[in-house]
Amino acid sequence: MANAKSNLNLASDSIPKLFFNYFIPMLLAMLAMASYSTIDGIFVNKKLGDDAMKAIVVVWPLFPAMMACSLMFSLGGASLISYYLAKGRANIARAIFSSIVHLLFPLSLLVGVLYYAYASSVIDFFARGLTQNVHDMAVDYLRGTCVGLFGIILHPVLDICVVNDKRPRLAMFAMFLGAICNVIFNYLFLFVWEFGIIGSAYATTLGHIIGSLVLLWHYIESKHRALLLGFLIKI
């Protein structure tokens, strides 16, 4: 689907070579994705204490549910993309990829806006009997995450599609870069600038957005990459 070259040939390469070239990068990428909640918990607990940890525990289950919905479309779409690429019908594969992105991007914006506007009601629905401090922190964390919800939703989608385009190492790199950025931003927002729990939410969303931008770069044609780089250098 993109002009980037890959040294993998699914038709002629040996099964062991393909297995390890896909399995190891994807295993490490999944571990990097799983680190987001762990890193948030470590930094938040160290800086803000038990109430902040309780707030994250209240909010976090909402996002795996949304990511599961995202993966439903991306895994199903990835199977179709692989099928049509193998058939040599790249135009249909591109149409499927575009349809997934065009569906999930506005949907993530809509869900983010609704969750942001009704954050307090959402928290009350999923967790009753919270202290006022935990409730307020949970609302802040939910709203902070909703600001960049599109990144959280699109990151795994783009990751799977890039793997389908025979670039598993790029997918691993993007996931690791996002996870490392999450660590850095958590430290800056919590310990340096002291944003509070919303800073941890910003760190998570920024990590996913940065990872998504790396993966989107894969889909930009070479001539457009040169124009974009030239524009950025001038700035």
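- Using a 4.5 Å cut-off on side-chain heavy atoms (C-beta onward), Leu170 and Val214 make contact.
- Nearest heavy-atom pair, Gly151 versus Ser212, reported as atom, atom and distance to 0.1 Å: O-OG, 3.6 Å.
- Both Phe105 and Leu215 are members of a single hydrophobic cluster when ILVMFWY side chains are connected at heavy-atom separations under 4.5 Å.
- Phe23 meets the ring-ring contact (aromatic ring centres under 6.0 Å, His included) test with Phe19; sequence neighbours excluded.
- The two atoms that bring Ala78 and Asn164 nearest to each other are O-ND2, 2.5 Å, heavy atoms only.
- Listed here is the closest heavy atom pair of Ala55 and Val134: CB-O, 3.8 Å.
- Using a 4.5 Å heavy-atom threshold, the side chains of His135 and Asp124 count as touching.
- You'll find the side chain of Phe43 reaches within 4.5 Å of the side chain of Val183, heavy atoms only.
- Inter-residue side-chain proximity for Val157 and Phe73 is flagged as unmet; no heavy-atom pair is nearer than 4.5 Å.
- Contact detail for Val139 and Ser120: the closest heavy-atom pair is CG2-CA, 3.8 Å.
- With rounding to the nearest 0.5 angstrom, the CG atom of Leu190 is 11.5 Å from the CD1 atom of Ile198.
- The line from CG of Leu130 to CZ of Arg128 is 10.5 Å long, rounded to the nearest 0.5 Å.
- With sequence neighbours excluded, no residue forms a ring-ring contact (aromatic ring centres under 6.0 Å, His included) with Phe173.
- When atom types are taken as modelled, the side chain of Ser70 and the backbone of Met66 share no donor-acceptor pair closer than 3.5 angstrom.
- Taking every heavy atom of both residues into account, Ala138 and Ile123 meet most closely at CB-CD1, 3.9 Å.
- Hydrophobic clustering of Ile, Leu, Val, Met, Phe, Trp and Tyr side chains at less than 4.5 Å, counting indirect connections, unites Val122 with Tyr141.
- Here the options are Leu109, Leu154, Val111, the test is side chain to side chain contact (heavy atoms under 4.5 Å, CB included), and the partner is Leu104; only Leu154 passes.
- Ring geometry, Phe189 versus Phe195: the interplanar angle falls under 30°, so the pair is classed parallel (tilted spans 30 to 60°).
- One finds the CD1 atom of Ile197 at 9.5 Å from the CG atom of Asp51 (value rounded to the nearest 0.5 Å).
- One hydrophobic cluster, built from ILVMFWY side chains closer than 4.5 Å, cannot hold both Met137 and Ile42; they sit in different ones.
- The structure places OG1 of Thr145 at 8.0 Å from CG of Asp40, a figure rounded to the nearest 0.5 Å.
- Transitive grouping of hydrophobic side chains (ILVMFWY, heavy atoms separated by less than 4.5 Å) keeps Phe150 and Val113 in distinct clusters.
- Of all the heavy atoms in Cys146 and Gly112, the pair that sits closest is CB-O, 3.5 Å.
- A side chain to side chain contact (heavy atoms under 4.5 Å, CB included) with Tyr187 is found for one member of Ile39, Asn182, Val192 and no other, namely Val192.
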Assess the residue pair Phe97 and Leu80 against the criterion (side-chain contact (heavy atoms from CB on, under 4.5 Å)); give the C-alpha distance rounded to whole Å, side-chain angles, the decisive distance to 0.1 Å, and a yes or no. CA-CA 9 Å; Phe97 172 75; Leu80 291 173; over 6 Å; no

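- Follow the hydrophobic side-chain contacts under 4.5 Å out from Val44 and you reach Leu62 in the same cluster.
- At distances below 3.5 Å, not a single donor-acceptor pair connects side-chain atoms of Ser98 with backbone N or O atoms of Ala95.
- Remark: Phe191 CZ is packed, more than 12 non-hydrogen atoms of other residues, nucleotides or ligands lying under 6.0 Å away.
- Expressed to the nearest 0.5 Å, how far CG of Leu142 lies from CZ of Phe126 amounts to 10.0 Å.
- A donor-acceptor pair under 3.5 Å links the side-chain atoms of Tyr36 to the main chain of Gly178, judged by distance alone.
- Judged by distance alone, the side chain of Asn45 and the main-chain N or O of Gly41 form no donor-acceptor pair under 3.5 Å.
- We find the CE-CG distance between Met26 and Leu28 to be 10.0 Å, quoted to the nearest 0.5 Å.
- Under the rule for a ring-ring contact (aromatic ring centres under 6.0 Å, His included), the partners of His155 that lie at least two apart in sequence or sit in another chain are His208.
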Asp165 vs Ile81, test: side-chain contact (heavy atoms from CB on, under 4.5 Å). Steps then yes/no. CA-CA 9 Å; Asp165 227 2; Ile81 289 170; over 6 Å; no

Run the side-chain contact (heavy atoms from CB on, under 4.5 Å) check on Thr205 and Ile152 step by step: do they pass? CA-CA 6 Å; Thr205 56; Ile152 296 174; 4.0 Å; yes

